[in-house]
Amino acid sequence: MLDYLKELNEVQREAVVRTEGPSLVIAGAGSGKTRVLTYRIAHLLKQGARPSNILALTFTNKAAREMKDRIGRVAGENVARYLWMGTFHSIFSRILRAEHETIGYPSNFTIYDSSDSKSLIKTIIKDFQLDDKTYKPNVVASRISMAKNNLITPMAYANSPEIRSADKNMRMPAISEIYKEYAKRCRLSGSMDFDDLLLITNLLFRDHEEILKKYQERFGYVLVDEYQDTNYSQYLIIKKLAAKHNNICVVGDDAQSIYSFRGARIENILNFKNDYPDHRVFKLEQNYRSTQTIVNAANSIIARNKKQIPKNVFSENALGKPIKILSALTDNEEGFLVAQEISQLQLRDHYQFEDFAILYRTNAQSRIFEESLRKRNIPYKIYGGLSFYQRKEIKDLLSYFRMTINPDDNEALKRIINYPARGIGQTTVGKLEVSAVSNETSIWRVLTALPEINHSQVNKGTATKLMGFVALIDRFQKLSQESDAFETAKTIAEQTGILKDLYNDKSPEGLSRHENIQELLNGIQEFSISAKEQGDPDKLENYLEDVALLTDQDNEKDEEKNKVTLMTVHSAKGLEFKNVFIVGMEENLFPSQRQGEKATQESLEEERRLFYVALTRAEENAWLSYANQRYRWGNLDFCTPSRFLEELDERYTEGQVPTGVSGRASAEQSNVSYSSPAQRFAQRQPSSSFKTRESQNILNKKLVSLKESGRAQDTFQGDDPGKIQAGMTVQHQRFGEGKVLKIEGIAPDLKATVFFRTTGQKQLLLKFAKLRIKS
DNA sequence: GCTCAGGGCATTTTT
DNA sequence: TGCCCTGAGC
């Protein structure tokens with residue numbers, strides 16, 4: 001037997017070696033799914049399949065990269081390189097760029113991220129003179145996204161009575177028009193949003209048989225990871241691509257389908273057997289990750305679900321310790337208990353901090369645990385929040401890159417035409433945009449037609465400024481042709497003045513922004529170097545193709561090691577930790593019920609699966625914690641999982657509506673402070689340095705102005721700002737004594753915004769103020 | 001371009 | 001409860 005096959009159990013091995021025909025691999029939690037996928041590909045290669053004939057689709061870059069690395073180790077890196085392996089979006093954008101002529105897009109089309117889409121939708125709503133309180137950009141965006149993921153084109157949307165009447169019921173009959181206009185403007189900007197990458201691929205294959213054929217023939221083997229998370233659009237593409245050779249292998253776990261809110265269809269995996277009658281099923285049922293106790297508890301949660309593929313996930317690991325319940329009266333106490341458990345375990349059983357994870361349902365819940373961990377000096381990291389690529393300074397610079405590569409990109413243009421400030425105000429941009437829309441073209445084209453078309457519309461001074469901007473971008477375009485990505489990027493960062501602008505800002509934020517830009521440039525340098533080594537194209541254009549599809553989970557830093565992990569259950573999927581705390585069990589784990597909505601059978605089952613996912617992240621110990629009296633389950637401390645689950649099942653009755661008032665009432669009676677979900681949500685604060693929201697920049701600007709007028713300092717010294725409370729008398733280096741009015745955003749990295757009033761002075765907003773508590 | 005007040009609002013998230 | 005956006009006013 002081949003060496004690598006010895007590392008597999010029997011079912012895994014069968015799933016690996018049965019390479020021909022449709023295969024469905026049901027991979028229970030912790031059952032070695034990645035291992036099967038990678039070995040299967042390695043096996044295909046060993047059997048003589050050409051790497052360029054293998055298509056392997058994943059949902060995240062991280063998954064793709066890990067798999068590629070592992071295959072490289074088994075089959076050789078030179079072979080792994082040529083695999084068509086990547087995320088749905090990256091693979092299809094590659095195909096769309098290759099086939100750009102057929103679909104009528106430039107090959108260098110921009111990929112709009114969600115904030116670009118949202119801002120475009122906002123603009124359209126404004127242009128249509130619709131009320132943006134009725135037409136909420138978020139809602140409109142999700143309707144459009146839903147349509148695209150179900151392959152409903154603007155035309156089909158307009159022609160569907162059901163959809164139109166649903167829109168009417170939501171008092172948004174014009175969504176159809178907005179969708180149409182949105183699609184049009186994307187096209188005029190030479191841009192696609194994330195959903196377009198799938199939708200247009202579908203249309204390409206639907207309308208151009210010869211192209212479909214080409215790819216069908218190319219991809220002799222199609223493999224899909226996390227199949228339960230595919231949406232309709234992805235499902236159809238896969239189906240089409242695999243239709244010729246019929247060698248399709250999908251891997252997934254219906255019990256871990258938790259993404260229906262973003263279009264994932266569990267039906268895709270449940271119906272696989274109907275789509276491919278000659279399929280074979282491989283059930284990976286042995287869990288190698290968790291103790292028996294945890295596996296059994298997790299199983300019993302989803303046992304009542306109707307929609308599922310029957311399986312029997314088991315563990316031969318030790319029985320393990322019972323699942324522990326932490327009950328607390330208040331959320332503060334809950335945080336305290338969790339932190340206490342962690343430090344005890346770390347000291348007593350010599351766990352590393354990285355062995356712990358705290359999982360919650362919503363990001364807003366992280367705060368209390370951050371505070372309690374910080375009090376004990378337990379290092380931690382938070383996932384979720386603003387990604388590196390979403391930060392203002394990064395988006396700004398990337399927008400220059402985008403303009404350089406595709407100047408029709410309106411969203412990028414609007415972002416940077418006056419950043420750094422060059423005296424082109426909103427009014428001017430507005431005029432340009434109106435002109436672009438009425439001429440059915442991009443703002444850039446309007447600009448470059450100056451002064452012929454628009455001479456009358458803007459005054460001479462503005463026109464000069466605009467031409468200056470055009471010249472700048474022109475220069476960058478030439479540069480990008482001649483130089484590699486790094487050279488171009490560096491020059492752009494310098495010549496636009498962005499680098500200098502940030503360098504001059506000595507506030508901590510300015511510093512960190514400057515660092516971020518440096519980091520981005522370093523990344524581009526690495527890209528250029530490795531592209532040269534590999535003989536790949538090394539232009540800015542090529543870098544930009546990748547970067548739109550990257551997220552910050554794609555570059556984890558070493559300094560992030562050995563810290564307790566805080567994240568939502570959703571983002572914990574695919575990860576494992578020795579010790580897992582599932583917190584906020586009292587209600588926040590069940591938002592479908594907390595809103596007072598009736599839980600549907602579907603939502604109920606998904607909530608169960610979510611809990612299943614959470615629990616199966618734990619290898620050795622799991623805790624469930626909750627923080628008020630509303631759901632006090634008697635003496636459940638240190639109970640057995642089954643007892644807990646019985647209790648839980650009572651709550652999981654279909655259609656159960658929470659008695660929102662009773663929680664509050666009982667809390668009042670017992671004189672315990674009750675924190676409602678709304679209140680907790682309200683406490684949401686930017687909780688780490690990675691969460692610099694764009695809108696926070698307004699605050700930052702305020703700081704800068706304060707600083708420039710010599711009225712604020714920028715670092716804390718001495719006292720832990722966490723100890724600073726409203727009402728306290730504090731000493732400020734420059735202003736002397738004053739009273740703290742209000743504090744916002746006490747973050748683990750010791751930053752706070754303090755509203756500060758000194759005698760006879762106006763109220764001051766001090767970010768990162770240098771304060772000393774006066775005792 | 002800044003400040004201030006008022007009102008609406010508030011899951012889960014990858015690409 | 002606080003965040004975030006907007007619009008009025010300077």
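Quick note on labels: first sequence line is chain A, next is B, and so on, each numbered from 1.
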Describe the nucleic acid contact of A:Ser93 in one word from base, sugar-phosphate, nothing, applying a heavy-atom distance below 4.0 Å.
nothing

Below 4.0 angstrom from OP1 or OP2 of B:dC9, is there any side-chain N or O of A:Lys136?
yes

Comparing A:Phe261 and A:Ala548 on DNA chain B - which has the more 5′ nearest nucleotide:
A:Phe261

Presence of A:Asn363 side-chain N/O under 4.0 Å of B:dT13 phosphate oxygens OP1/OP2
yes

Take A:Glu606 and A:Ser90, find for each the nucleotide of DNA chain B with the closest heavy atom, and name the residue whose nucleotide sits nearer the 5' end.
A:Glu606

Tell me the interatomic distance from A:Asp229, atom CG, to B:dT14, atom P, rounded to whole angstroms.
12 Å

With syn meaning chi within 90° of zero and anything else anti, the base of B:dT12 is anti

Provide, to the nearest angstrom, the distance between the CD atom belonging to A:Gln256 and the P atom belonging to B:dT14.
16 Å

Cation-pi geometry met for A:Arg97 and A:Phe109 (6.0 Å, 45°)
yes

B:dT15 P sits how many Å from A:Asp116 CG, rounded?
16 Å

I'd like to know if A:Lys118 pairs up with A:Asp193 as an ion pair, taking the criterion as any Lys NZ or Arg NE/NH1/NH2 lying under 4.0 Å from an Asp or Glu carboxylate oxygen.
no

For the base of B:dT14, is there a side-chain donor-acceptor partner from A:Ser571 under 3.5 Å away?
no

Nearest-Å distance, CG (A:Leu550) to P (B:dT14)?
13 Å

With sequence neighbours excluded, tell me which residues meet ring-ring contact (aromatic ring centres under 6.0 Å, His included) with A:Phe194.
A:His89

Check the distance between B:dT12's C1' and A:Arg608's CZ and give it to me in whole angstrom.
18 Å

Nucleotide nearest A:Arg361 when distance is taken to its side chain, options B:dT15, B:dT13, B:dT11:
B:dT11

A:Tyr235 meets the side-chain hydrogen bond (donor to acceptor under 3.5 Å, both in side chains) criterion, sequence neighbours left out, with A:Asp275

Between P on B:dT11 and CZ on A:Arg609, what's the gap in Å once rounded to a whole number?
22 Å

From B:dT12, B:dT15, B:dT13, nucleotide with atom closest to A:Tyr259 side chain:
B:dT13

Rounded to the nearest angstrom, tell me the gap between atom CG in A:Asn138 and atom P in B:dT13.
14 Å

Quick one: do A:Asp116 and A:Lys395 make a salt bridge, cutoff under 4.0 Å?
yes

Protein-nucleotide distance (A:Lys395, atom NZ; B:dT15, atom P), rounded to Å
15 Å

Can A:Phe59 be classed as stacking with the base of B:dT15, given a centroid separation cut-off of 5.5 Å and a plane angle cut-off of 30°?
no

